[in-house]
Amino acid sequence: MSNAPTSTRALEQLLLPAECLLCHGLLHGRDANRIVCPVCRHRWRPVRPPWCERCGQPEPHFGACRLCAGWPAALTAVRSAVWLANGAREAVLALKYRGLPRIADDLAEAMALVRLPADGPSVLVPIPLAPKRLRERGYNQSDALAAALARRWHLPVARELLARVRETPTQTALTPETRLANVAGAFTPRHGRGVGLPGRTLVLVDDVFTTGATLAEAARALEQAGARTVCGITFARAVIPDFT
Ligand SMILES: [Zn+2]
Ligand SMILES: [Zn+2]
């Protein structure tokens, strides 16, 4: 979004009717530039505690949390703003597939309410797309979210730390272990070891959390490059089937 030319953005606004993407209610006044109206945004259901302090999964746990057991040590906390329901799924699909990066601003508003248990200065790191996917889509949806969130949190965005080596095949397998195997090696640090931003918490930004496999793999690459503390934030969290 931030690197979309102004003319593209203006054109997008001209072509789009000023109505809510989800309920088609009219957008007026200070909501005229939005994609989703306040009523629909209020229908998104926040993810609330009690949850696993590490992965933020609120399902009741018996014994150790299996969801985050295989995560790299550097990935200390992940939180999601809302459940992938009540129109949040449609909003994510619009962000990813309907060429509406401007909707990132509506999503980031919900994300900005999340409190990450990170202390000290932070840097937002969008989950990168592989170059081919980026060319096809024209923008990276995680980058659009990171840019919109950065404006609200007054944080820098670091796009140069991570590269995506390959896209992940559609994640049909649902256990945390198979999802981790599915994304293994998908990311690489851009500049080899030691690039890290000393003393900074790196906050990975993505659209949807399902088992956290993508965030875990990206954190692994950052850890290899010397990052000590990595957190993650996503707009939505998918309800996953019980895999026990
Ligand atoms: Zn609406
Ligand atoms: Zn957990």
Side-chain angles (χ1 to χ4, degrees), residues 12-13 16-95 98 100 102-110 114-118 171 174-180 183 203-204 206 208-220 223 229-244:
E12 193 182 68
Q13 285 181 4
L16 285 169
E19 62 173 45
C20 170
L21 174 84
L22 301 180
C23 72
H24 305 292
L26 283 179
L27 294 164
H28 31 68
R30 62 195 184 103
D31 294 315
N33 287 326
R34 291 192 173 275
I35 304 280
V36 180
C37 79
V39 177
C40 287
R41 274 182 281 128
H42 284 126
R43 286 182 60 232
W44 295 340
R45 202 157 43 87
V47 181
R48 295 194 197 282
W51 48 36
C52 168
E53 283 300 324
R54 191 176 187 206
C55 64
Q57 188 72 8
E59 295 301 310
H61 295 300
F62 303 97
C65 178
R66 187 172 157 207
L67 201 54
C68 57
W71 287 8
L75 185 56
T76 56
V78 175
R79 298 291 182 265
S80 309
V82 302
W83 288 106
L84 193 63
N86 299 30
R89 184 186 300 275
E90 289 73 14
V92 168
L93 292 176
L95 172 70
R98 292 184 57 179
L100 284 175
R102 208 154 51 82
I103 200 174
D105 214 46
D106 296 338
L107 277 51
E109 185 167 289
V114 170
R115 291 285 160 265
L116 282 173
Q171 303 216 359
L174 281 172
T175 70
E177 292 83 358
T178 44
R179 279 190 177 254
L180 271 174
V183 294
V203 180
L204 290 164
D206 205 2
V208 177
F209 177 109
T210 303
T211 64
T214 304
L215 291 171
E217 195 54 31
R220 199 182 313 280
E223 191 181 63
T229 311
V230 181
C231 289
I233 181 167
T234 70
F235 164 65
R237 187 165 293 232
V239 183
I240 52 171
D242 191 358
F243 43 72
T244 49

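Whatever order the structure lists them in is the order used to number ligands and atoms, beginning at 1.
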So the angle subtended at the Zn ion (ligand 2) by C55 atom SG and C52 atom SG, rounded to 10 degrees, is 110°

Are E90 and R98 close enough for a salt bridge, meaning some N to O gap below 4.0 Å? no

Practice prompt. Could you tell me whether the side chain of R237 reaches within less than 4.5 Å of the side chain of Q57, counting heavy atoms only?
Written response: yes

| Do side-chain atoms of E19 reach the backbone of G25 as a donor and acceptor pair under 3.5 angstrom? | no

Handout entry: Modelled atom types, side-chain donor and acceptor of T234 and S80, under 3.5 Å
Key = yes

message = Less than 4.5 Å apart, side chain to side chain, heavy atoms only: is that true for L215 and D206?
response = yes

Pair R220 + E217, salt bridge at N-O below 4.0 Å: yes

Discussion item. Side chains of V78 and C231, heavy atoms from C-beta outward: is any pair under 4.5 Å?
Written reply: no

The SG(C65)-the Zn ion (ligand 2)-SG(C68) angle, to 10°, is 110°

Within the 2.8 Å cut-off the protein N, O or S neighbours of the Zn ion (ligand 1) are C20 SG, C23 SG, C37 SG, C40 SG

